[in-house]
There are 2 protein chains.
Amino acid sequence: MADLTARLAELVGDEHVLPGEEQPDYGHDEALGATPQAPAAVVRPGSADEVAAILKVAAEQGTPVTARGSGSGLSGAARPVPGGIVVSFERMNKLLELDEDNHVAVVQPGITLTELEERTKAADLVYPVYPGELSASLGGNIGTNAGGMRAIKYGVTRHNVLGLQAALPSGELISTGGRFVKASTGYDLTQLIIGSEGTLALVTEAILRLQPRLTQQATVLAPFGTLAEVTDAVTKVVKSGVAPLILEYIDALTMGAITYTNDLQLGIPDQVRDSSQAYLVVMLENADADRLDEDTEKLGELLTGLGAADVYVLPGPSARRLIEAREKAFWTAKAAGAQDIIDTVLPRAALPEFFTEVTRIQQATASGIVGCGHAGDGNVHLAIFQADDQARAGVLEQLFAAAAKLGGAISGEHGIGRGKKSYFLASTDPAKVELMRRIKQAFDPSGVLNPGVLFD
Amino acid sequence: MADLTARLAELVGDEHVLPGEEQPDYGHDEALGATPQAPAAVVRPGSADEVAAILKVAAEQGTPVTARGSGSGLSGAARPVPGGIVVSFERMNKLLELDEDNHVAVVQPGITLTELEERTKAADLVYPVYPGELSASLGGNIGTNAGGMRAIKYGVTRHNVLGLQAALPSGELISTGGRFVKASTGYDLTQLIIGSEGTLALVTEAILRLQPRLTQQATVLAPFGTLAEVTDAVTKVVKSGVAPLILEYIDALTMGAITYTNDLQLGIPDQVRDSSQAYLVVMLENADADRLDEDTEKLGELLTGLGAADVYVLPGPSARRLIEAREKAFWTAKAAGAQDIIDTVLPRAALPEFFTEVTRIQQATASGIVGCGHAGDGNVHLAIFQADDQARAGVLEQLFAAAAKLGGAISGEHGIGRGKKSYFLASTDPAKVELMRRIKQAFDPSGVLNPGVLFD
Ligand SMILES: Cc1cc2nc3c(=O)[nH]c(=O)nc-3n(C[C@H](O)[C@H](O)[C@H](O)COP(=O)(O)OP(=O)(O)OC[C@H]3O[C@@H](n4cnc5c(N)ncnc54)[C@H](O)[C@@H]3O)c2cc1C
Ligand SMILES: Cc1cc2nc3c(=O)[nH]c(=O)nc-3n(C[C@H](O)[C@H](O)[C@H](O)COP(=O)(O)OP(=O)(O)OC[C@H]3O[C@@H](n4cnc5c(N)ncnc54)[C@H](O)[C@@H]3O)c2cc1C
C-alpha cells in the first residue's frame with residue numbers, strides 16, 4: 001500500500017493523493033442504506049494522461065479502482081471496495097471548448113451540470129439533460145446514463161453524448177465518436193461506455209451535443225382522481241403531438257410532502273386536493289410565445305377531457321419552485337425515513353397495470369410505497385418504507401418481478417451499481433450476463449475497474 | 001459441405017437450403033466494384049429458433065455466416081466468403097405488433113422499409129428513418145446503422161431502435177432493451193449490435209420507436225453561387241431553430257445528372273442555374289399548416305440573406321420527385337460510371353474546409369469527385385470517377401485523411417464492410433481496433449460471423 005501511494009504520488013503529486021481513512025466523504029454516494037467504505041487512497045488526477053497512468057499502475061498491482069464524480073449517484077456505484085482507490089475527477093472540471101458552430105461542448109468529466117448550464121446559457125445553447133441533482137458531474141452522468149425530467153423530449157445522456165476520450169486499464173487512451181451525430185465506422189464504443197458505471201473505462205473527456213435554447217416555457221398542473229387516470233393521460237398527451245418538455249406524475253402523498261417541505265403554495269382548493277390521488281405536471285417550451293400559448297390551451301382542453309379535476313397554468317415562479325421541489329423528492333423521501341428508492345422503467349402504457357401491482361404488493365407486505373416519476377418515459381421512482389431488511393428485499397423482488405412481467409427493466413436511469421446487483425443477477429438471462437462479463441473482460445482483463453458493481 | 005447442407009436442411013426444411021452456386025444474387029450487395037462471391041449455400045430460416053440453431057451448427061463446424069437483408073448495402077458487408085453460408089432473412093419479414101399506445105412496432109428483421117411505411121401510415125404513426133433505398137430491410141438497417149435524409153431531425157437507426165432479439169454463435173437467443181427509450185440496467189447491447197454489420201450477432205427481432213406522423217410538409221430549394229456558401233448556410237439553418245426534417249446539399253453536376261436522368265423540370269431560369277455551383281434542399285414538417293407557412297417564409301428570408309440566388313418553394317409533386325431523384329443519386333452515379341462511392345462524416349461546420357480539400361485532391365489526381373449529402377449531419381456522399389485502381393485508392397486515402405484531420409470518420413451510415421476495411425484499419429488507433437476485436441471475440445469466439453468485415 002505504501003508502495004502504491006508512493007507510485008501514485010509520483011504520477012499526480014503528493015498533495016493529490018489523500019489517505020482514504022481521512023476522507024469519509026469518498027466512502028459513499030447517495031444510495032440509501034449502504035454502509036460507507038473508506039478507500040485505501042483518494043487520487044485526484046489533473047489530466048487524461050495521469051488517469052491513464054494511474055490505471056496502468058492499478059492494473060499491474062491488481063488494485064481496484066472506483067471512479068467518482070460528485071458522489072450523487074443512487075446505486076452505490078461510487079462506493080469503493082476495501083483496499084481499492086478512488087479516482088476523483090474534481091480537478092478535471094473544465095469546459096474545454098464551446099463550439100457554437102457545431103453545437104457541441106467538449107468537457108472534462110468533473111464539470112458539474114450547474115457549471116455547464118451557466119456556460120451554455122451565455123451562448124443561447126443548452127445541454128438538455130437535467131437529472132434532479134445539478135451538482136452531479138458529467139462523468140457521473142455518463143457512468144449512470146443519467147436521465148431526468150426532460151428526457152421525454154431530448155432523450156437521456158446516451159442520446160446527447162457524441163464522443164468520449166477514455167482511459168483503459170492497459171494505460172491506453174482511446175477516442176470514440178466525434179462532433180457528429182452519427183457514424184458507421186466500427187463498434188459504437190461511446191454507447192457501450194455510457195451507463196457502464198465505471199466498470200469498463202474511465203472517461204477523461206466528453207463531446208456533448210447542445211441544442212438551441214428555447215426561451216418560452218409554460219407549466220401545467222393537473223390533479224386527477226386516480227393514479228390510473230394520470231398514467232392513462234400520459235399516453236394521450238404523447239399522442240397529441242404537443243411534444244412536452246416535461247411529463248411527470250406525482251402521487252398525492254409525495255405532492256403533500258414536497259409542497260410541505262418546500263413551503264410551496266400552489267393555490268389548489270382543499271376540495272380538489274382532497275379528492276385527488278395524483279397529479280400530472282406538463283411543461284411545454286417553444287421559441288415563440290404565441291405558439292406556446294396555443295399549445296398550452298390545447299393541452300389544457302385535452303387534460304380536462306381526460307378527467308382532470310382542474311387545470312392550472314402555473315405562474316413562472318411557482319412553476320420553477322414546483323419543479324425544484326420535485327427534483328428534491330429524493331431528499332424529502334430520505335428525510336421521511338424511506339429505506340430505499342427504486343427507479344423501474346416500463347413501457348409507458350403499462351404504467352396503470354404496474355400501479356395496480358404496486359398497490360397489491362404494498363398491502364400484502366404492509367409497506368409504504370409512494371412516488372413520482374418521469375411518466376412520459378415510463379420511469380417510476382418509488383420510495384420504499386419498510387424497516388425490516390428481509391421484508392424490504394421481498395418487496396423489491398416483487399416490484400422488479402412485476403415490472404419484468406410487463407416488459408420493464410430494473411433501472412431507468414440510476415443504474416444497478418452495488419445496490420441493485422442481486423436483483424439484476426437474479427432476474428437477467430444468464431446468457432446475457434455472461435456476455436456482459438466477457439465484454440467487461442475485453443476492456444478490463446485484470447478486473448480492477450469497479451469490481452462488485454453489476455457483477456459479483 | 002454435403003454434411004452441412006444436410007444438417008441445415010434438417011433445421012429449416014429442404015426447400016429453404018439453396019445451393020450457393022445457383023444463386024448469384026446472393027453473392028453481392030450494391031457496393032461498387034466488388035467481385036461477387038457465391039456462398040456455399042443460402043439458408044432461409046423461418047424463425048428466431050431456426051436462426052439460433054443454424055448459428056450453433058455453423059460455429060461447431062467453423063463455417064462462416066453472412067447475414068443478408070435485401071442486399072442493398074454499399075459496403076460489401078453482405079457479400080459472403082468462399083465456403084461460407086448466407087443466412088437470408090427474406091422469410092422473416094413480418095410486422096409482429098403495432099403497439100399504438102407505446103408508439104412501438106415489433107418487427108422481424110426481413111421486413112422492408114416500404115412495408116413498414118405502409119403499415120405505420122395506416123395508424124398515423126411513422127418510423128422516421130428513411131435511407132434512400134426503401135427495399136432495404138430493417139435487419140440491414142440495423143447492421144449498417146442506416147441513416148438517410150431525415151436524420152437531422154429524428155436521428156439514425158441507432159436512435160430509433162429500442163430493443164432487439166438476437167442469436168449468438170453459441171446458439172443462444174438474447175433479448176435487449178424494451179419498449180422504453182432508456183434503461184440503466186447493464187451494458188447497452190442494443191447499441192453495440194447496431195452498426196456491427198453482422199459481425200457480433202444475428203438480429204431476429206427488433207423493437208422500433210415510432211413517432212406521430214406529421215402531415216404538413218414544405219420543400220424549399222435554394223441555388224447558391226458556391227459550395228462554401230451552401231455549407232455555411234447549413235450551420236445557420238440549424239441555429240435558426242426551424243428544425244428541418246431534411247437538410248441536403250447537392251452539387252451542380254449531381255443536380256444536373258439527377259434532374260436529367262429523372263426528367264425533372266424544376267423551373268430554375270437558365271441564368272440562375274448557370275451561375276450556381278450547388279443547391280440546398282430543405283424540407284420542413286409540421287402538424288399545423290399555418291405554422292408551416294410561417295416557418296417556410298422565415299426560412300426563405302434566412303436563405304436569401306445568406307446569399308441564395310433565389311428561393312423556390314416547390315409544389316408537392318415536384319418536391320416529391322426531387323427527393324426521389326436525390327434518393328436515386330447512387331444509381332445515377334453508377335450509371336455515369338462512378339467507380340466508388342464514399343460517405344464520410346464530418347463536424348458540420350468543417351464542411352467548407354473539407355470541400356476545399358476535395359477540390360485540391362480532385363485536381364491533383366485528375367479524378368472526378370462529385371456529390372450530394374446529408375449536410376445537416378455533416379455526411380458527404382461523394383462519387384469517385386477514377387478508373388485506375390491504384391490512383392483511386394490514393395484518392396480515397398487522401399479524402400479519408402482530410403476528413404480525419406477535420407475530426408471526421410470514414411463512414412456516416414454505409415458502414416466499413418469489406419470495401420473500406422483497409423482504410424479503416426490503416427487510419428484507426430490500433431488500441432481501439434484491438435479493443436473492438438476483443439469485443440468481437442466476446443460475442444463470437446469461433447469467429448464465424450461475417451469474417452473479413454471490419455477486421456482481417
Ligand atoms: C436529489 C437527487 C436527485 C436525482 N435525480 C436524478 C434524476 O432525475 N435522474 C437521474 O438519472 N439521476 C438522478 N440522481 C442520481 C445522480 O444524480 C446521477 O446518477 C448522476 O449521474 C451522478 O453523477 P455524479 O457525478 O454524482 O456521479 P457519482 O455518484 O460520483 O458516480 C456515478 C457512477 O459514475 C461513475 N463515474 C463517475 N465519473 C466517471 C468517469 N469519469 N468515468 C467513468 N465512470 C465515472 C462512478 O464510478 C459511478 O459508477 C439524483 C440524485 C440525487 C441525490
Ligand atoms: C440507391 C441506394 C440509396 C441508399 N441510400 C442510403 C441512405 O440514404 N442512407 C443509408 O444509410 N444507406 C443508404 N443506402 C445503403 C443501404 O440501403 C443501407 O445500408 C441498408 O441499411 C441496407 O439494408 P439491406 O437490408 O439491403 O442490408 P444488406 O445489404 O442485406 O446487409 C447490410 C448489413 O447488415 C447485415 N445484416 C442484414 N440483416 C441482418 C440481421 N438480421 N442481423 C444482423 N446483421 C444483418 C449484413 O450482414 C450486412 O453487414 C442506399 C443504398 C442504395 C442502393
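Naming: A, B, ... by sequence-line order, numbering from 1 per chain. Values reported hereafter were calculated over all heavy atoms of this structure, with side chains retained and with hydrogens, waters and symmetry mates removed.
The salt bridge (charged side-chain N to carboxylate O under 4.0 Å, His left out) test with E285(A) singles out one residue from R213(A), K153(A), R150(A), and that residue is K153(A). Only one option out of I342(B), T428(B), I410(B) pairs with Y423(B) in a side chain to side chain contact (heavy atoms under 4.5 Å, CB included); it is I410(B).
Heavy-atom distances place both the backbone and the side chain of R348(A) under 4.5 Å from chain B. For chain B, no part of K236(A) is nearby; none of its heavy atoms comes within less than 4.5 Å. Residue contact with chain B, scored on non-hydrogen atoms closer than 4.5 Å, involves the backbone of T144(A) exclusively. The contact between N145(B) and chain A is made by backbone and side chain atoms together, counting heavy-atom distances below 4.5 Å. Both the backbone and the side chain of N102(A) come within contact range of chain B, with heavy atoms under 4.5 Å apart. Contact annotation for H103(A): both backbone and side-chain heavy atoms come within less than 4.5 Å of a heavy atom of chain B. Of the two parts of I416(A), the backbone and the side chain both hold a non-hydrogen atom closer than 4.5 Å to a non-hydrogen atom of chain B. For V238(A), the parts lying near chain B are the backbone and the side chain together; criterion is any non-hydrogen pair under 4.5 Å. Contact annotation for A287(A): neither backbone nor side-chain heavy atoms come within less than 4.5 Å of a heavy atom of chain B.
Chain A is approached within less than 4.5 Å, heavy atom to heavy atom, by L168(B), E172(B), L173(B), I174(B), S175(B), T176(B) from residues 166-177 of chain B, ordered by number. Contacts of residues 179-190 of chain A with chain B at a heavy-atom distance below 4.5 Å involve R179(A), F180(A), V181(A), K182(A), A183(A), S184(A), T185(A), G186(A), Y187(A), D188(A), L189(A), listed in sequence order.
Counting all heavy atoms, side chain and backbone alike, G148(B) lies closest to D377(B) at O-OD2, 4.2 Å. Across all non-hydrogen atoms, the minimal contact from F455(A) to R437(A) is CB-NH1, 3.6 Å.
Side-chain N or O atoms of E205(A) include none that pairs as donor or acceptor with a backbone N or O of V106(A) at under 3.5 Å.
Under a 4.0 Å N-O distance rule, the pair D295(B)/R291(A) qualifies as a salt bridge.
Comparing E413(B), H374(B), Q211(B), E100(B) by heavy-atom pairs within less than 4.5 Å of chain A, the highest count is held by E413(B).
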